[in-house]
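First up is the structure itself, then whatever we jot down about it.
One is the number of the first residue; the rest follow in order along the sequence. Atoms within each ligand, like the ligands themselves, are counted from 1 in listed order. All figures in this text were calculated on a predicted structure; none of them were measured in a lab.
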Amino acid sequence: MAMTQHDRLLIIDFGSQVTQLIARRLRELNVYCEIHPYQGVTMDMVRAMAPKAIIFSGGPDSVTREGSPRAPQEIFDYGVPILGICYGQQVMMQQLGGRVESGHGTAEFGRAYVEQKAQLDLLDGWFTEGREQVWMSHGDHVAEIAPGFEVYGTSPGAPFAITADASRHFYAVQFHPEVHHTPRGAKLYENFVKLAGFTGDWTMGAYRQEAIDKIRQQVGDAKVICGLSGGVDSSVAAALIHEAIGDQLTCVFVDHGLLRLNEAEEVVTMFRDHMNLQVIHAQEQELFLGELDGVSDPETKRKIIGKLFIDVFQKYANDIEGAQFLAQGTLYPDVIESVSFSGGPSVTIKSHHNVGGLPEKMGLKLVEPLRELFKDEVRDLGRELGLPAHFIGRHPFPGPGLAIRCPGEITREKLEILRKADAVYIDQIRKHGLYDDIWQAFVAILPVRTVGVMGDGRTYDYACALRAVTSVDGMTADYYPFTHDFLGETATRIINEVKGINRCTYDITSKPPGTIEWE
Ligand code: XMP
C-alpha cells in the first residue's frame, strides 16, 4: 500500500556486482526503484508493480550460452522506456532480433572513451567535447543491432557502445553508467528518468508518512517489542514506530557490560527522557561478565554473548503482555535477493545478529520499517525524525561490544581501562574534525603488559592498539592515514590520562588480510 503513491522503476537484476549502485543513483534522483532478480520477473509481477520505466542490469553470463538469463519477451510490448546496461544491453539486442558474439578480441575491461555519433534525448548535456569517459567490463559484444535501433555512440572496442530505438524509448549501453569510473554517468540516469516522466517524488518526508501509515495498518492495536542496541538502524526504527503507535511500542536495551563509556546512560536517557519511549534497561552486566569469566577464545566469547542475549531479550519480552510483533532495523541491502549462477536464485537475508531466531521461537511477527532503505537513507530518515546529528553519524559498534576489543581474558579492570582509553581517542578524533571521515575508530586493549617509565618510576602496564579505518560497507577497509602529530598527541594523552596503559601502537593493517575488529 505504502509505495503505490510513488512513481516506480523496476531494475531487473541479471547478477551484476554493481546492480545496487544503479538503485543508489536513482534514489539520489528521488526516484523509487526496486531490484528484482530476473528469475522472479513475470508479466503479472510487472503489471502489479506498474513501473514507469525498466532497467536491465549487467551480469556475468553470456547471452550466447543456451539457457542464459532473459527478460520476459512481452516486456518489450509493455510500453515503458527500457534501459539495458552491459549484459542488459546484450539481452535486449538478442531478444529484439540483433546478434551478440563472444570470442577473441571482443572483451573490453576498464576505462574507455565513447564518442558521440548523433543526438539522443538520453544523451542531452552528457558529452563534453563530443566524447566521455566510461567504464567497460564485458567479454561479449553486440555484432548486429536489433531492427529499429541506431548507433549514437562508439568506443574503439565497442562500435555499438550506445544504441537506441528512440521511437520506442529503448536504450542500450555497453558500459556501466552507475560506477564511479564513469564520472558523469549519473547524468544518463537523470535523463532517462526525465524522459520516462518521473517527477522525483521519493522524499524522506513522504516516506516517513507512508511508513507510519503502513506500520499502523500492520500492527493495529497490538504491542510491538524492539531490541534497541544504540546503533543507528534500531534507533531509527524505534523512533519511527514510536511515532506511528506511541506506547504500543516497548524497547528493550540489553546492557551486557561491554558497552562504551556512558553509552547505556546516553541511549536510555535519549530515548526514555527526551523522546518519551518506553525503554526497559536490562541491566545484565553480572550475568554476561560472569559467563565470560576466564574465556579467551574469540568464537566462544561471541557464542556466549549471542546466546545470553537471546535468553535475556526473551526474558524481558515475555513480561510485555500481549506482544505480537518484533521490530527490526533490517535494511534494503540485507533483503535484496542476489542472483546465483551456480544454482537457482539464492536469497541473502542477514538476520539481526542480536535477535536471530527469536521471532519464530516466540511466535512473533516482524515489523521492518526500513526494509526499503539504504544506510544513508536511514540516516536521512533519522534526521527527519529529529534524532540528534551526532547520534545519527555514529560509527558502527559490534553486537559483542568491547568483548572483541579485549583479546584474551576479559576482566572488569581491563574493560574499565579500555573504556577510558577509547573515550580519549574518540575525543581526539572529534577535536581534530576527523570523525566523519572515518568509518570506524576504536581502541583495543592488548593482553600484554610492557615496561615504561613515568616520572622517576618504572611502570608495568597494558599496551593498547588504536584502530581507525575507512570503508564503504565494512567488507573491505584501509587504515586511516593520521598524521604523526595526531598519533603522537593521542598516545601522549592516553598514557597521561588513562591509568593502566603505558604504551600505544597504531594498527596499520588493511582488510583483507586483517579484519576491522581484533577478534
Ligand atoms: P570485521 O571485524 O569482521 O567487522 O572486519 C566488519 C564490521 O562488522 C562489525 N562487526 C559486528 N557487528 N555484530 C555486529 O553487529 C558482530 O558480531 C560484529 N562483528 C563485527 C565491525 O564492528 C565492523 O563494523
Side-chain angles (χ1 to χ4, degrees), residues 226-238 252-260 263-264 267 288 291-292 295 297-313 326-331 333-335 348-358 368 370 374-376 378-379 392-408 410 415 418-419 422 425-426 429 435-446 465-480 506-519:
C226 179
L228 202 57
S229 69
V232 177
D233 304 342
S234 67
S235 299
V236 172
V252 180
F253 179 74
V254 176
D255 189 340
H256 48 24
L258 299 159
L259 298 165
R260 290 165 291 190
E263 183 162 23
V267 172
F288 280 85
E291 293 275 324
L292 288 167
V295 177
D297 176 64
E299 271 313 295
T300 314
K301 285 181 187 174
R302 281 176 177 273
K303 290 213 172 85
I304 290 173
I305 296 168
K307 181 188 171 303
L308 284 181
F309 199 100
I310 291 187
D311 291 350
V312 166
F313 190 84
L326 178 73
Q328 286 195 167
T330 316
L331 305 191
D334 303 333
V335 295
T348 33
I349 298 176
K350 194 171 62 182
S351 55
H352 194 289
H353 74 281
N354 286 337
V355 288
L358 249 192
E368 297 179 306
L370 311 180
F374 286 94
K375 187 83 179 179
D376 50 339
V378 171
R379 295 205 166 100
I392 286 167
R394 291 204 324 170
H395 292 169
F397 186 66
L402 300 183
I404 57 175
R405 295 176 180 177
C406 191
I410 301 166
L415 288 175
L418 175 55
R419 280 192 187 99
D422 193 74
Y425 181 43
I426 298 298
I429 289 173
Y435 191 84
D436 294 337
D437 297 339
I438 293 171
W439 160 269
Q440 201 170 7
F442 58 86
V443 176
I445 184 163
L446 305 185
L466 312 181
R467 184 84 164 126
V469 296
T470 54
S471 177
V472 177
D473 49 16
M475 304 296 285
T476 59
D478 278 324
Y479 75 88
Y480 187 78
Y506 186 49
D507 178 357
I508 55 165
T509 319
S510 59
K511 174 184 178 176
T515 53
I516 296 176
E517 303 288 348
W518 271 54
E519 288 193 335

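A salt bridge links Arg394 with Glu263: the closest approach of a Lys/Arg side-chain nitrogen to an acidic carboxylate oxygen falls below 4.0 angstrom.
Between Tyr479 and Asp507 the shortest side-chain heavy-atom distance does not fall below 4.5 Å.
Close N/O approach between Arg302 and ligand 1 is found [any backbone or side-chain N/O within under 3.5 Å]. Considering both main-chain and side-chain atoms, Glu519 never comes within under 3.5 Å of ligand 1 through any nitrogen or oxygen pair. Considering backbone and side-chain atoms alike, Ile516 places an N or O below 3.5 Å from some N or O of ligand 1. Of the N or O atoms in Gly474, none lie within a sub-3.5 Å distance of an N or O in ligand 1.
Residues satisfying the side-chain contact (heavy atoms from CB on, under 4.5 Å) criterion with Ile392, sequence neighbours excluded, are Arg379, Arg383, Leu387.
Checking side-chain atoms of Arg467 against main-chain N and O of Gln440 turns up no donor-acceptor pair under 3.5 Å. Between the side chain of Arg260 and the main chain of Leu402, no donor-acceptor pair closer than 3.5 Å is present. Judged by distance alone, the side chain of His395 and the main-chain N or O of Ile438 form a donor-acceptor pair under 3.5 Å.
The atoms of ligand 1 that sit less than 4.0 Å from any heavy atom of Pro400 are 13 (N), 16 (C), 17 (O). Ligand-side atoms of ligand 1 in range of Lys511: 1 (P), 3 (O), 5 (O), 6 (C), range being under 4.0 angstrom from any heavy atom. For ligand 1 and Thr515, the ligand atoms under 4.0 Å from any heavy atom of the residue are 1 (P), 2 (O), 5 (O).
For the residues Gly231, Gly514, Pro398, the heavy atom positioned nearest atom 18 (C) of ligand 1 is part of Pro398.
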